[in-house]
Amino acid sequence: MYTPARQKNGITLLVLLLTALLLAACGSNNAPAASPSPSPSQEASPTSSAEPSPSAESGTREYEDALGRKVEIPTRPERIIAHYYASEFTALGVPIIGTNYLNAQLVLTQDQLEGIEDIGGDGLVPNIEKVLALEPDLIVVPDFLEAADVDALSKVAPTVVVAYGADAFEHVREVADLAGKPELAEAWQKGYDEKVAKQREVVQAQIKPGETASAFVLYSDKKLYVYNKQRLGPTMYDAFGFQVPAKVTELFASDPSQLWAEISLEKLPEYVGDRIFLVGPGDDEESKKVLNEVLNGPVWSTLPAVKNNQAYIVGSRWAMNDPLSLEWLLDEMAAVLTAK
């Protein structure tokens, strides 16, 4: 699982200068108004207005993004760069020309990445030179980018900021809207709902009424986090009908949009459900060592779910928040729950 964290870009001024020089050399500048300083949020992002603006007649419309910025975007963009949102566009069948492979390779296959350029740059920030070379007509980015980086990208092409913490279903709707094809979101949702109904029948006999489940992630630095409902929740709770443990509900009561919260290993028994899904820290030797220390320690072995063989150690993709992973997880969780 790749969890972005805000990073300082030490070469921001150099990047902005380079961008200005390159744009001047090209003799064009189609930047929208500069954006205000972003404040990363876990809230679902605003969507565009239902009615297109008067400029829609000329092939553009005004769109309000997650930061409240009014961005003039193409009504039907043809050269889209999706920074951190490759899965959403791929799930809808909307072609993109660039993405950051660091994130996209966690979900997309090599075949799905065929023909898509890697725009990975310094840390979480796209490489401005690569973005310029692709000549996009729309750039989609998450709200954890710094304001200066959003401004730099906006000088290349209309740039829309999407709330990273919104759930996968909201992302699908927003991406379809940005592509000018909202009907694709409806089609994807219908297919997903049909798969939910099918897989719910598969696991129905394995889940008792009122049975609870909770999910956690362990990092290689030995930090343990309990997930809120946004990650494995759509599959555990909404699709398969597990209940949220009372202590987990209480933990996130003051901020339901919070994605996860750190807890100590000693506090783990307070947040576990009848079923436990633990996302492991990785496959490297240090991560395996950390995981084994937890599994062989005094706390883990005392948990009722462990004693009942209802605790599952799962891979990092289980915690991804994207439509392709949600489809995949319906199959994976059903297989785990029905395994003999």
Side-chain angles (χ1 to χ4, degrees), residues 1-5 42 103 106-107 165 203 206-208 210-237 239-321 325-326 328-340:
M1 180 184 64
Y2 185 72
T3 307
Q42 307 301 348
N103 177 260
L106 298 176
V107 176
V203 304
Q206 308 298 322
I207 302 174
K208 300 174 183 177
E211 193 170 357
T212 60
S214 51
F216 305 84
V217 59
L218 176 68
Y219 285 97
S220 55
D221 59 3
K222 299 184 180 182
K223 289 187 177 181
L224 180 67
Y225 295 80
V226 57
Y227 280 114
N228 198 358
K229 297 168 64 174
Q230 293 93 327
R231 296 290 171 159
L232 285 78
T235 311
M236 287 192 304
Y237 307 128
F240 292 158
F242 286 109
Q243 301 300 305
V244 184
K247 193 70 174 179
V248 175
T249 299
E250 180 184 327
L251 179 64
F252 296 106
S254 62
D255 186 5
S257 64
Q258 186 179 353
L259 298 181
W260 48 71
E262 183 179 356
I263 61 171
S264 66
L265 183 59
E266 292 71 26
K267 293 286 186 179
L268 179 60
E270 299 180 20
Y271 298 97
V272 296
D274 299 314
R275 309 268 185 158
I276 301 172
F277 297 95
L278 176 63
V279 178
D283 295 326
D284 59 278
E285 290 305 314
E286 183 60 30
S287 295
K288 291 178 181 178
K289 179 181 177 182
V290 170
L291 179 60
N292 286 331
E293 287 179 1
V294 171
L295 300 185
N296 297 319
V299 176
W300 184 259
S301 61
T302 66
L303 302 176
V306 175
K307 294 178 180 179
N308 295 330
N309 293 318
Q310 293 182 331
Y312 315 102
I313 312 304
V314 298
S316 60
R317 190 177 179 186
W318 280 60
M320 295 293 288
N321 182 35
S325 292
L326 285 184
W328 172 87
L329 193 54
L330 286 171
D331 293 327
E332 291 297 306
M333 189 175 289
V336 165
L337 294 173
T338 57
K340 302 298 184 182

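When reading the values below, keep in mind they use all heavy atoms of this one structure, side chains included, and skip hydrogens, waters and symmetry mates. Computed from a predicted model, the values in this text were never measured in an experiment.
Arg231 contributes a side-chain N or O that, together with a main-chain N or O of Ala319, makes up a donor-acceptor pair within less than 3.5 Å.
To the nearest 0.5 Å, atom CD of residue Glu262 and atom NZ of residue Lys223 are 5.0 Å apart. For the atom pair Leu278 CG and Tyr227 OH, the distance stands at 9.5 Å (nearest 0.5 Å). One finds the CD atom of Gln258 at 6.5 Å from the CG atom of Leu251 (value rounded to the nearest 0.5 Å). Between Ser214 atom OG and Asp274 atom CG the span is 9.0 Å, to the nearest 0.5 Å.
Between Ile276 and Trp300 the shortest side-chain heavy-atom distance falls below 4.5 Å. Looking only at side-chain heavy atoms (C-beta outward), Leu232 and Tyr237 stay at 4.5 Å or farther from each other. No side-chain heavy atom of Trp260 sits under 4.5 Å from any side-chain heavy atom of Val217. Contact of the Leu259 side chain with the Asn228 side chain is not registered, since no non-hydrogen atoms from C-beta on lie closer than 4.5 Å. For the pair Pro269 and Leu303, the minimum side-chain heavy-atom distance is below 4.5 Å. Residues Val272 and Val306 have side chains not in contact (no heavy-atom distance under 4.5 Å, counting atoms from C-beta outward). In this structure, Val107 and Trp328 have side chains that are not in contact, with every pair of non-hydrogen atoms separated by 4.5 Å or more. A 4.5 Å side-chain heavy-atom check between Phe277 and Met333 finds at least one atom pair inside the cut-off.
For the side chain to side chain contact (heavy atoms under 4.5 Å, CB included) with Leu218, the lone residue among Ile313, Leu295, Leu291 that qualifies is Leu291.
Within 6.0 Å of the NZ atom in Lys288, the count of heavy atoms belonging to other residues, nucleotides or ligands exceeds 12. For CG of Asp283, the number of neighbouring non-hydrogen atoms (other residues, nucleotides, ligands) closer than 6.0 Å is 12 at most.
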For Tyr312 and Leu337, run side-chain contact (heavy atoms from CB on, under 4.5 Å): C-alpha distance rounded to whole Å, both residues' side-chain angles, the deciding distance at 0.1 Å, then the answer. CA-CA 9 Å; Tyr312 315 102; Leu337 294 173; 4.0 Å; yes
Mind running side-chain contact (heavy atoms from CB on, under 4.5 Å) on Val336 and Trp318 for me, showing each step along the way? CA-CA 12 Å; Val336 165; Trp318 280 60; 3.8 Å; yes
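The existence of a salt bridge linking Glu332 and Arg317 is excluded, since no basic side-chain nitrogen approaches an acidic carboxylate oxygen closer than 4.0 Å.
Looking at every heavy atom in both residues, Ile263 comes nearest to Leu268 through CD1-CA, 4.2 Å.
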